[in-house]
Amino acid sequence: MASALTSLPQWKSLAKHFDAIRDVHLRKMFADDPSRGETLTVEAAGLYLDYSKNRVTAETMGLLVGLAEAADVQGRIEAMFTGEKINLTEGRAVLHTALRAPKGATVMVDGENVIPDVHAVLDKMAKFCDRVRGGDWKGHTGKRIRNIVNVGIGGSDLGPVMAYEALKHFSDRNLTMRFVSNVDATDFAEATVDLDPAETLFIVASKTFTTIETMTNATTARTWLLAGLGGDEAAIPKHFVALSTNAELVSAFGIDTANMFEFWDWVGGRYSMESAIGLSTMLAIGPKHYREMLDGFHEMDQHFRTAPLTENLPVLMGMLAVWYSNFFGCETTAVLPYEQYLKRFPAYLQQLTMESNGKYVTTDGDRVTYDTGMIYWGEPGTNGQHSFYQLIHQGTRLIPCDFIAFGKSLNPIGDHQDILMANVLAQSEALAFGKTADEVAAEGTEAWLVPHRAFEGNRPSSTIFADVMSPAILGKLVALYEHSVYVQSIIWNIDAFDQWGVELGKVLAKNIIPELDPKSKSDLKHDSSTNQLIRRYRSMR
Ligand SMILES: O=P(O)(O)OC[C@H]1O[C@](O)(CO)[C@@H](O)[C@@H]1O
């Protein structure tokens, strides 16, 4: 049965257009339209997007925008910003944009303006951060806090880690920041091996406060702290704070709810890095820089909400993703930041993009008849050039790339920045234009070697430029990808804000835990493979 999406006339026009341009080389596109490097660009909120090295023409972009209009992208954007319950399967509004709205804004959820609550939590976080950073918040023995350990996983870890790394330049170097996420005890052991419990503050970050990895690590942290401080339970409130939507479970865990920083069910885990989940970020960079980050997010939000679709950065990026996923059949997108501070950005994006758009059921409950979310991956340049770029240049798969680069370095030493920038420019040029067999032969290459040394090119990429890494730019970049993900989900008619796909494994793991005990008498009722692996593990313990 054809789906509503693929029956749209706009979809059909795109399919027809795709047949016409699928084999057109970027060399020809640039020859036919020598100014496309200037025209197929957009600049907004301090980000410059050059999408001219994509396998598109102005006509393609018009057709993609036509599809976005047909899918009512503008209406769906407004629905998100105004608190409609667009997370259908969980019956929730999706309002990460409210977290970064200014004090005077109004965003209604169930008849209540949530902005005063958002700012009350931000103010509470700022006061707390000032006390810790200023040395007024003392540990149990009277020593000031010098180590912060964020205990969380998924959205309660990836955003904080990524933001800490991204904004390290702005961070207080007197504070040691650590992040524990994996239930593998090695993560906890290595993160705390050199820390003095008397100077250590644990942030237990969990929206639900039920996540087994986080609760296991938090319990271990409690034991570690008490062991180091003579077992006095009175130490807990001075060394533990919680970030959660679940006051009841925070309290049951033994953390004073006065030391809990709240957020709400309309903030998805992977959209929460600027909620209370950002406490570690605020501790590292301070409340002023944190506000600058929120303002950066907000500027991109405003752009997304108000700019015409043809000049709307997240819309254009989202529609390009649809183009590559559904027409070229691309399976992955590489995100390649030429900025060392963004080294964890691809890992962060993996959750944002794949937990959001890894869905095969439409909002109407039907199986989709087209591909949805692509696989996102990447590494900072130039490191990736010396490992996996070979496959992007000469492999058999088409991998659209997002290059992210900056005009200035926060560490301007010698000619590093020019060399870095020359590389990012060279990569997108080489990918697009390649090197023909004739060009290779003309260099005197022996005939048998020519095919190996030729580059067919026609590999698409987008380049995003910003001035210099800063809290505001980070906010803009994250918001850009968040909104691009949403645009894709609108076209595909999937719920980008639930994550039922992670549930089954959680339930099965809970069942298996008691079965791992070698003394367990319970009959193993799994498949023969799982049964045998459990028996093996029992004997290996
Ligand atoms: O913050 P919590 O509730 O511990 O959840 C952590 C992560 O687990 C998930 O629910 C997936 O299992 C993510 O969506 C979330 O970011």
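Along the sequence shown, residues are numbered consecutively beginning with 1. In each ligand, atom 1 is the first atom listed, and ligand 1 is the first ligand listed. For clarity, every value in this text was computed on a predicted model and none was experimentally measured. Atom set for the values below is all heavy atoms of this structure, side chains included, hydrogens, waters and symmetry mates excluded.
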Q. Strictly under 4.0 Å, does any heavy atom of Glu503 approach an atom of ligand 1?
A. no

**Q.** Contact atoms of ligand 1, heavy-atom distance to Thr211 under 4.0 Å
**A.** 2 (P), 3 (O), 4 (O), 5 (O)

Q) For ligand 1, which atoms have a heavy atom of Ile153 less than 4.0 angstrom away? A) 6 (C), 7 (C)

Q) Do the rings of Tyr486 and Phe497 sit parallel, tilted or perpendicular, given the 30° and 60° boundaries? A) tilted

Q. Starting from atom 16 (O) of ligand 1, which protein heavy atom do you reach first, and at what distance in Å?
A. Gly155 N, 2.7 Å

Q) Side chain, backbone, both or neither: which part of Val502 has a heavy atom under 4.0 Å from ligand 1? A) side chain

Q: Please report which non-hydrogen protein atom sits nearest to atom 3 (O) of ligand 1, along with the residue it belongs to and the distance in Å to one decimal place.
A: Thr208 OG1, 2.6 Å

Q) Are any of the side-chain nitrogens in Arg178 or Asp194 under 4.0 Å away from the carboxylate oxygens of its partner? A) yes

Q: Hey, can you tell me if Phe81 and His483 have their rings parallel, tilted or perpendicular (30° and 60° cut-offs)?
A: tilted

Q) Quick one: nearest non-hydrogen protein atom to atom 11 (C) of ligand 1, plus distance? A) Glu355 OE2, 3.4 Å

Q: Evaluate the ring planes of Tyr348 and Phe345, with Trp represented by its six-membered ring, and classify them as parallel (under 30°), tilted (30 to 60°) or perpendicular (over 60°).
A: parallel

Q: If the plane angle is over 60° it's perpendicular, under 30° parallel, otherwise tilted; pick one for Phe253 and Phe240.
A: tilted

Q: Mark up the atoms of ligand 1 that fall under 4.0 Å of a heavy atom belonging to Lys506, in ascending order.
A: 10 (O), 12 (O)

Q) Mind checking whether Ser206 has an N or O less than 3.5 Å away from an N or O of ligand 1? A) yes

Q. Taking heavy atoms and a distance under 4.0 Å, where does Lys207 meet ligand 1: side chain, backbone, both or neither?
A. both

Q) Would a 4.5 Å heavy-atom cut-off, applied to side chains only, mark Tyr164 and Phe179 as touching? A) yes

Q) Does Lys124 make a cation-pi contact with Phe261, if we ask for NZ or CZ under 6.0 Å from the ring centre and within 45° of the axis? A) yes

